[in-house]
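Remember, it's 1-based here, ligands and their atoms both numbered in the order they're listed.
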Amino acid sequence: MALSMLKDPQEYVEGVLSQDRLLLARTITLIESTLPAHQELAKNIVNQLLPYTGKGVRLGITGVPGAGKSTYIESFGTMLTEMDHRIAVLAIDPSSTRSGGSILGDKTRMEKLAVNSRAFIRPSPSSGTLGGVGRKTRETMLVCEAAGYDVVMIETVGVGQSETTVASMVDFFLVLMIAGAGDELQGIKKGVLEVADAIVINKADGDNLIRAEMAQKEYQAALHMLMPASPNWNPPVLTCSSTEHKGIDKIWETILDHKNKLTEAGEMAEKRKGQALDWMSFLLDEGLRQWFYTNPHVVKILPQLQQDTADGLISPAAAADSLLAHLNNKK
Ligand SMILES: Nc1nc2c(ncn2[C@@H]2O[C@H](COP(=O)(O)OP(=O)(O)O)[C@@H](O)[C@H]2O)c(=O)[nH]1
Ligand SMILES: [Mg+2]
């Protein structure tokens, strides 16, 4: 396979830095791969690219299926490319594999972006690799930044766990809503509103305009009750029409305003530092778990201890202690 023919990390690093789309795509494939050799190579490449990352705007976009995320990204992304930005869109879809149906649907809603040379669209399969959404998406985002994409958008469906993971890796988290559906109907959890940097009511057009403006007021009132996550930012509620390209520029202005305010207050640098440290402890936790559960002794005695615990022959705490104590004595 083509991938295994290229073994030298340097070729990937130089390819990404020279904005070679094919080598960028191949690097992401390595990041997504479960093969240990690919993972080693990917780690090496990402580490070398790290000094070239961090200058762009990292944006998370969530909303239930049908809220208009793909249509919004097509409109918003096209506007940004016309402003000379280069944009990357990483779409996390928990319901589909890479060849799955909804990506095809997205392709048709992002048909202008799909052929735009200043845009890079990459569906992200959400399962099958160590660390799930977090690991692949975070590293893919960094690699895209190194390839000169100065706005990276991570699209996620706001019904699972992936949106809080995404919120923890971006600068600005945008929640796309539609009018006429309560929170419950929209499947949006309160926790998602708490991490929102802006709520945008989409489809504010035609017959729906009045309802969108009413929803805007309702969400403004709801947000008023929540404690803002940042001392330097009160999340606004905006409206837009992705199909009629209305209100889209205002959203970009809001994102830049947020960036300026947090940067001036020193909060943006702190936020990114905190995200890097959180990510490191996540990887440590994950590494420890893996190390533990693949330990030959654990593999050997765990099933029996589980059975004994289930049968009430040993307490859960004693069972856990005996496994951990054994590893302690082993070193
Ligand atoms: N009227 C109107 N329809 C929209 C707007 N944005 C999206 N839609 C429609 O809503 C449907 C779902 O949009 P899509 O972008 O696929 O939503 P996603 O599932 O969140 O990615 C499609 O039929 C879109 O044409 C909008 O601003 N106004
Ligand atoms: Mg979509």
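The closest side-chain donor-acceptor pair between Q304 and D308 falls under 3.5 angstrom. Between the side chains of Q275 and S168, no donor-acceptor pair of N or O atoms lies under 3.5 Å.
Between E40 and K43 a salt bridge is recorded (basic side-chain N to carboxylate O distance below 4.0 Å). Salt bridge absent: D285 and R289 never bring a charged side-chain N and a carboxylate O closer than 4.0 Å.
Residue-ligand proximity, K69 to ligand 1, at heavy-atom distances under 4.0 Å covers atoms 15 (O), 17 (O), 18 (P), 19 (O), 20 (O), 21 (O). Near S241, meaning under 4.0 Å from one of its heavy atoms, ligand 1 places the atoms 27 (O). Per-residue contacts place V64 under 4.0 angstrom from the following atoms of ligand 1 (heavy atoms of the residue considered): 20 (O). Taking a cut-off of under 4.0 Å to the non-hydrogen atoms of D205, the atoms of ligand 1 that pass are 1 (N), 2 (C), 26 (C), 27 (O), 28 (N).
The closest donor-acceptor contact from the side chain of T62 to the backbone of T156 lies under 3.5 Å. At distances below 3.5 Å, at least one donor-acceptor pair connects side-chain atoms of T78 with backbone N or O atoms of E74.
Heavy-atom separations between P65 and ligand 1 include at least one value shorter than 4.0 Å. Residue-ligand proximity: I73 is placed with every non-hydrogen atom at 4.0 Å or more from ligand 1.
At a heavy-atom cutoff of 4.0 Å, ligand 1 is contacted by the side chain of N202 but not by its backbone.
Considering backbone and side-chain N/O atoms, T71 comes within less than 3.5 Å of an N/O atom of ligand 1. Backbone and side-chain nitrogen or oxygen atoms of G68 are examined, and one is located within less than 3.5 angstrom of a nitrogen or oxygen of ligand 1.
Checking each of K261, E264, E267, H258 against N232 for a side chain to side chain donor-acceptor pair (under 3.5 Å) leaves exactly one that passes, namely E267.
Within the set L176, T243, L209, the minimum heavy-atom distance to atom 2 (C) of ligand 1 is found for T243.
Here the OG atom belonging to S33 is positioned 13.5 Å from the CD1 atom belonging to I28, to the nearest 0.5 angstrom.
Here S70 meets the criterion, with an N, O or S atom under 2.8 Å of the Mg ion (ligand 2).
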